[in-house]
There are 2 protein chains.
Amino acid sequence: MEENILLRQLLRERKLKATSTRLDVLAVISGYNKAIPFSEIQNSLHDFDRVTLYRTINSLMKSGIIHKASVGEKETFYAVCSSKCSSDSHNHKHIHFKCSNCKAVTCVQADSAINFAITGHTINNFEIEATGICVSCN
Amino acid sequence: MEENILLRQLLRERKLKATSTRLDVLAVISGYNKAIPFSEIQNSLHDFDRVTLYRTINSLMKSGIIHKASVGEKETFYAVCSSKCSSDSHNHKHIHFKCSNCKAVTCVQADSAINFAITGHTINNFEIEATGICVSCN
DNA sequence: ATTTTATTGCAACCTTGTTGCATTTAATGT
DNA sequence: ACATTAAATGCAACAAGGTTGCAATAAAAT
């Protein structure tokens, strides 16, 4: 369990105690470089209780540090937020992309802004989950 | 449990036995006029075993009669498919829209086709879940 | 250094969904 | 209409994912 002063600062900024659980979980998630499935977090950190991991992930989400990256699968994926996110609101304009070849889930930007309208409806927010072949597999 | 000859035909076309469970479940789902949460199906049909409902829903999905309409919630919603869907493939180009006022989930079409690209990626399929205010609440 | 307050671990629990097996029901052919 | 066949149902049991209450512990504030 190595100390990461930056992660510690990040937690304190969001008014969260910089406990070793949080530092470790955050290190695993941010070191993964793509959306990480819950089971992968568990495997990397088998010294922590399952409940503690759930609670840690929940507080990281509430604080706008990480977010869920669902891709219609049973298993939940998590990824670090952009700096735009806060305790109050998650603000993602990206797409959750699942590669059907390597199975990796990543947060990617569309080449240009996505806009659409639905007659009579006011659209406040939307999420896109896409599947296909990622850069590495192409 | 009233007989619906049309639903019976629909089931038989898709090579499914027209059992009373299926006729009832289908009547409830199609009569709901928007995506229906699983609990609502259960409440309407408390005489059937939970397992039977799950199995019924699964076979209706496999046959392309209904589909899941997820909106990032814990609870699963279901809606009837367009006639384009078959046992082989679900083919939806619609958006799953959740009204933050009345909480209803509906399948709606965008006013114009939605297209986007991600550099280096091949996009094979995508799903959009939107939240906002629906027609009735506007 | 002590107090305060949040976090952890544990056990227990809930919900959602699935499986195996014996029983029942719908469709098919006669 | 009747027997046969193949699929669907109910039940019990289970598994995965996630939550809650509470006592013990660790971090932050004084």
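For D/dG18, the OP1/OP2 oxygens have a side-chain nitrogen or oxygen of A/Thr76 closer than 4.0 Å. Here A/Tyr54 does not reach the OP1 or OP2 of D/dT19: none of its side-chain N or O atoms lies under 4.0 Å away. Here A/Arg12 reaches the OP1 or OP2 of D/dA28: one of its side-chain N or O atoms lies under 4.0 Å away. At C/dT25, none of the side-chain N or O atoms of B/Thr19 fall inside 4.0 Å of OP1 or OP2 (strictly under the cut-off). Side-chain nitrogen and oxygen atoms of B/Asn58 include none within less than 4.0 Å of the OP1 or OP2 phosphate oxygen of C/dG17.
Between the side chain of A/His67 and the backbone N or O of A/Met61, no donor-acceptor pair lies under 3.5 Å. The main-chain N or O of A/Ser59 is found under 3.5 Å from a side-chain atom of A/Ser63 such that the two form a donor-acceptor pair. The closest donor-acceptor contact from the side chain of A/Glu75 to the backbone of A/Ser39 lies under 3.5 Å.
Counting to the nearest Å, the P atom of D/dA8 and the CG atom of B/Leu53 are 15 Å from each other. To the nearest angstrom, C1' of D/dA27 lies 17 Å from CD of A/Gln9. Summarising the geometry, the separation between CD1 on B/Ile57 and P on C/dG17 is reported as 9 Å, rounded to the nearest angstrom. Atoms NZ (B/Lys74) and P (C/dT16) sit 11 Å apart, rounded to a whole Å. In this structure, the CG atom of A/Leu45 is 11 Å from the P atom of C/dG9, given to the nearest Å.
Residues A/Phe38 and A/Phe77 place their aromatic rings such that the two centres sit no closer than 6.0 Å. Here A/His121 and B/Phe97 bring their ring centres to under 6.0 angstrom of each other.
Backbone-only contact: B/Thr56 has heavy atoms under 4.0 Å from sugar-phosphate atoms and none from a base. In this structure, B/Arg50 reaches the bases: a heavy-atom distance under 4.0 Å links it to at least one base atom across the strands shown. Among the heavy atoms of the strands, none lies under 4.0 Å from B/Ser59.
Comparing B/Val51 and A/Arg55, the nucleotide of DNA chain C nearest to each residue sits closer to the 5' end for A/Arg55. If you find the closest nucleotide of DNA chain D to B/Thr52 and to A/Phe38, the one lying nearer the 5' end belongs to B/Thr52.
The nucleotide whose nearest atom lies closest to any side-chain atom of B/Lys17 is, among C/dG9, C/dT18, D/dA7, D/dA7. Between D/dA8, C/dG9, D/dG10, one nucleotide has an atom nearer to the side chain of B/Asp49 than all others, and that is D/dG10. Closest to the side chain of B/Phe48, out of C/dA26, C/dT8, D/dG10, is D/dG10.
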